[in-house]
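Have a look at the structure below, then the notes.
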Amino acid sequence: MAVDAARGPEEGFTSAGATRVMVAACRAAGLDDRGVELIRLGENALFRLASVPVIVRVGRGEEWLPKARTEVAVSWWLAEEGFASARIVEDLEQPLLIEGHPVTFWHLIVEGDRKATYGELGGILRDLHSLTVPDGLELPSFDPFDKQALRLDRAVIPDDDKVFLRKRWRELRDKYEELRFETPKGPVHGDAHVQNLMVDDHGSVILIDFEAFCFDHPEWDLMVTAVEHHSLGWQTDEQYADFVAAYGRDLYDWHGYETLRGLQEFGMTTWLMQNVQEDERTATEYRRRIAGLRNDDGPRDWRPW
């Protein structure tokens with residue numbers, strides 16, 4: 001379902017623009033947007049409605065529509081499997097396309113009093129990777145470069161940063177072409193960090209955010225936590241050991257780790273780069289990350305986001 005409007009995504013993806021899209025989407029879906037709260041602006045904008053227990057997810061542009069369709073399909077499949085995961089609102093036609101932005105609606109997960117652990121992340125990924133993708137569920141391959149061109153084209157950053165990032169992008173593509181996996185393909189979350197787990201008020205650990213879900217090698221899911229630990233130092237040794245023990249593998253020992261590290265750090269930088277115009281805190285962290293990319297052997301003092 002598409003709703004036309006006078007203004008579109010070419011104006012840039014900001015909190016104000018995403019809010020306008022959210023309001024139009026709620027009206028199209030028959031939902032009350034009064035008292036809504038913006039809870040996150042990242043690859044998407046996430047809003048929590050006050051009138052009903054629903055999260056509204058607004059994508060950056062029409063190019064993200066296939067990903068939104070994948071999210072909806074994956075949610076239905078995981079629900080059928082009984083897998084603890086985010087659930088799409090069942091009685092709405094989804095995704096909507098509003099002013100060139102895909103919009104989806106999700107049941108609110110009422111959070112409990114603790115965060116998920118790295119051991120729980122390892123266990124969730126082990127269970128996810130053991131599932132069999134059914135016939136009829138079409139999933140893309142993992143592509144670490146699929147959004148980079150759009151990000152670089154639209155980013156409000158200095159020209160010399162763009163030149164450097166495009167050069168790094170070409171170098172990483174060459175290394176990626178040489179990468180050889182030894183594991184079979186299967187369901188992959190595609191953005192498997194601990195912030196994409198939620199613990200509800202019943203203590204259940206729930207997997208969320210299926211935008212990057214794909215059919216590929218499991219290393220892509222192990223890459224995130226391995227880089228966060230070995231390169232960025234975001235987990236203690238004990239936390240990372242729990243992750244490895246629960247999953248059964250440490251990606252750091254794999255010959256392709258350094259290539260995946262480069263891809264992950266590049267993606268983390270360009271993801272944040274999209275929102276440098278939002279506030280100085282975001283812009284400062286982007287500058288910290290781009291400085292790190294320019295010095296491969298230097299320490300990473302990046303902040304979790």
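- Checking side-chain atoms of Asp221 against main-chain N and O of Gly190 turns up a donor-acceptor pair under 3.5 Å.
- Counting heavy atoms from C-beta on, the side chains of Leu131 and Trp77 come closer than 4.5 Å.
- Taking a 6.0 Å sphere around OH of Tyr252, one finds it holds 12 or fewer heavy atoms contributed by other residues, nucleotides or ligands.
- No side-chain N or O of Thr269 forms a donor-acceptor pair with one of Trp271 less than 3.5 Å apart.
- Hydrophobic cluster membership of Ile208, counting Ile, Leu, Val, Met, Phe, Trp and Tyr whose side-chain heavy atoms lie under 4.5 Å apart directly or via other members: Ile109, Met198, Ile206.
- The closest donor-acceptor contact from the side chain of Arg40 to the backbone of Leu38 lies at 3.5 Å or more, if one exists at all.
- Around atom CG of Asp113, no more than 12 heavy atoms belonging to other residues, nucleotides or ligands sit under 6.0 Å away.
- Under the side chain to side chain donor-acceptor pair (under 3.5 Å) criterion, Arg126 pairs with no residue at all, not counting sequence neighbours.
- Taking the charged nitrogens against the carboxylate oxygens, Glu265 and Arg289 have no contact shorter than 4.0 Å, which rules out a salt bridge.
- Using a 4.5 Å heavy-atom cutoff, the side chains of Phe243 and Val194 are not in contact.
- Here OG of Ser85 is found 9.0 Å from CD1 of Ile124. Values are rounded to the nearest 0.5 Å.
- The main-chain N or O of Ser204 is never found under 3.5 Å from a side-chain atom of His202 such that the two would form a donor-acceptor pair.
- Under the 3.5 Å distance criterion, with hydrogens and angles disregarded, a donor-acceptor pair is assigned to the side chains of Gln274 and Arg60.
- Not counting sequence neighbours, the partners of Ser15 by the side chain to side chain donor-acceptor pair (under 3.5 Å) test are Glu278.
- Using a 4.0 Å cut-off between a side-chain N of Lys or Arg and a carboxylate O of Asp or Glu, Glu178 and Lys175 do not qualify as a salt bridge.
- Phe215 meets the ring pair (Phe, Tyr, Trp, His ring centres under 6.0 Å) test with no other residue; sequence neighbours excluded.
- Residues in residues 132-146 take part in these salt bridge (charged side-chain N to carboxylate O under 4.0 Å, His left out) pairs, two or more places apart or across chains: Lys67-Asp146.
- Not counting sequence neighbours, Gln264 has no partner by the side chain to side chain donor-acceptor pair (under 3.5 Å) test.
- For the pair Glu43 and Arg57, the minimum side-chain heavy-atom distance is 4.5 Å or more.
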Compile the donor-acceptor pairs under 3.5 Å between side chains in residues 44-51 and protein atoms, sequence neighbours left out, one pair per line.
from, atom 1, to, atom 2, distance (Å)
Asn44, ND2, Glu211, OE1, 2.8
Arg48, NH2, Glu37, OE1, 2.8
Ser51, OG, Asp32, O, 2.8

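- Arg114 and Gly203 get closest at one heavy-atom pair: NH2-O, 4.1 Å.
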I'd like to know whether Glu171 forms a salt bridge (Lys or Arg N to Asp or Glu O under 4.0 Å) with Lys167, so could you lay out the CA-CA distance, the side-chain angles of the two residues, the decisive distance to 0.1 Å, and finally the verdict.
CA-CA 6 Å; Glu171 293 168 351; Lys167 180 175 183 292; 2.6 Å; yes
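- A continuous path of Ile, Leu, Val, Met, Phe, Trp and Tyr side chains, each step under 4.5 Å between heavy atoms, connects Met268 with Leu260, placing both in one hydrophobic cluster.
- In summary, the side chains of Thr282 and Asp279 do present a donor paired with an acceptor at a separation below 3.5 Å, with no hydrogens or angles considered.
- Here Arg287 pairs with Glu280 in a salt bridge; the nearest charged N to carboxylate O distance falls below 4.0 Å.
- When the ring pair (Phe, Tyr, Trp, His ring centres under 6.0 Å) test is applied to Phe181, the partners found at least two apart in sequence or on another chain are His217, Trp220, Trp254.
- With rounding to the nearest 0.5 Å, the separation of CG in Leu251 from CD in Glu219 is 6.5 Å.
- Residues passing the side chain to side chain contact (heavy atoms under 4.5 Å, CB included) test with Val244, sequence neighbours excluded: Tyr240, Asp250.
- In this structure, Ile157 CD1 and Gln277 CD are separated by 11.5 Å, a value rounded to the nearest 0.5 Å.
- Hydrophobic cluster membership differs between Val58 and Phe210, with clusters built from Ile, Leu, Val, Met, Phe, Trp and Tyr side chains linked at under 4.5 angstrom.
- Salt bridge status for Arg166 with Asp153: present, with a side-chain N to carboxylate O gap under 4.0 Å.
- Residues Ser231 and Trp302 form no side-chain contact, since every pair of their non-hydrogen atoms from C-beta on lies 4.5 Å or further apart.
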Residues Glu63, Arg154; criterion salt bridge (Lys or Arg N to Asp or Glu O under 4.0 Å); working and verdict
CA-CA 13 Å; Glu63 300 90 346; Arg154 298 175 178 178; 2.7 Å; yes
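- If you chain together hydrophobic residues whose side chains sit under 4.5 Å apart, Leu150 and Trp169 never meet in one group.
- The two residues Thr132 and Glu81 have their closest heavy-atom pair at O-OE2, 4.4 Å.
- Looking at Leu222 and Arg249, their side chains come closer than 4.5 Å, going by heavy atoms from C-beta outward.
- Within a 6.0 Å sphere centred on CG of Asp159, other residues, nucleotides and ligands contribute 12 heavy atoms or fewer.
- With sequence neighbours excluded, the residues forming a side chain to side chain contact (heavy atoms under 4.5 Å, CB included) with Gln195 are His193, listed by chain and number.
- Residues Leu139 and Leu65 are members of separate hydrophobic clusters, defined by side-chain heavy-atom contacts under 4.5 angstrom among Ile, Leu, Val, Met, Phe, Trp and Tyr.
- Side-chain contact check for Ile55 versus Ile39: some heavy-atom pair is nearer than 4.5 Å.
- The line from CD1 of Ile88 to CG of Leu78 is 11.5 Å long, rounded to the nearest 0.5 Å.
- Arg168 places a side-chain N or O within donor-acceptor distance of the main-chain N or O of Leu293, the cut-off being under 3.5 Å.
- When the options Leu92, Val36, Val89 are evaluated for a side-chain contact (heavy atoms from CB on, under 4.5 Å) with Val54, the one that passes is Val89.
- In this structure, the side chain of Lys147 does not engage the main chain of Thr270 through any donor-acceptor pair within 3.5 Å.
- Between Phe13 and His101, the angle of the ring planes lies from 30° to 60°, which puts this pair in the tilted group.
- Under the 4.5 Å side-chain heavy-atom criterion for grouping Ile, Leu, Val, Met, Phe, Trp and Tyr, Trp76 is connected to Leu207 within one hydrophobic cluster.
- Atom CG in Leu263 sits 5.0 Å away from atom CZ in Phe145 (nearest 0.5 Å).
- Between Val227 and Tyr257 the shortest side-chain heavy-atom distance falls below 4.5 Å.
- The side chain to side chain contact (heavy atoms under 4.5 Å, CB included) check on Gln239 picks up Tyr118, Gln235, Thr236, with sequence neighbours excluded.
- Annotation: ring pair (Phe, Tyr, Trp, His ring centres under 6.0 Å) contacts of His129 (sequence neighbours excluded): Tyr247.
- Judged by the 6.0 Å distance and 45° axis criteria, Arg281 is positioned over the aromatic ring of Trp305.
- Salt bridge Arg294/Asp161: present, at least one basic N to carboxylate O contact under 4.0 Å.
- Under the 4.5 Å side-chain criterion, counting only non-hydrogen atoms from C-beta, Asp237 is in contact with His229.
- Expressed to the nearest 0.5 Å, how far CG of Leu125 lies from CG of Leu197 amounts to 7.5 Å.
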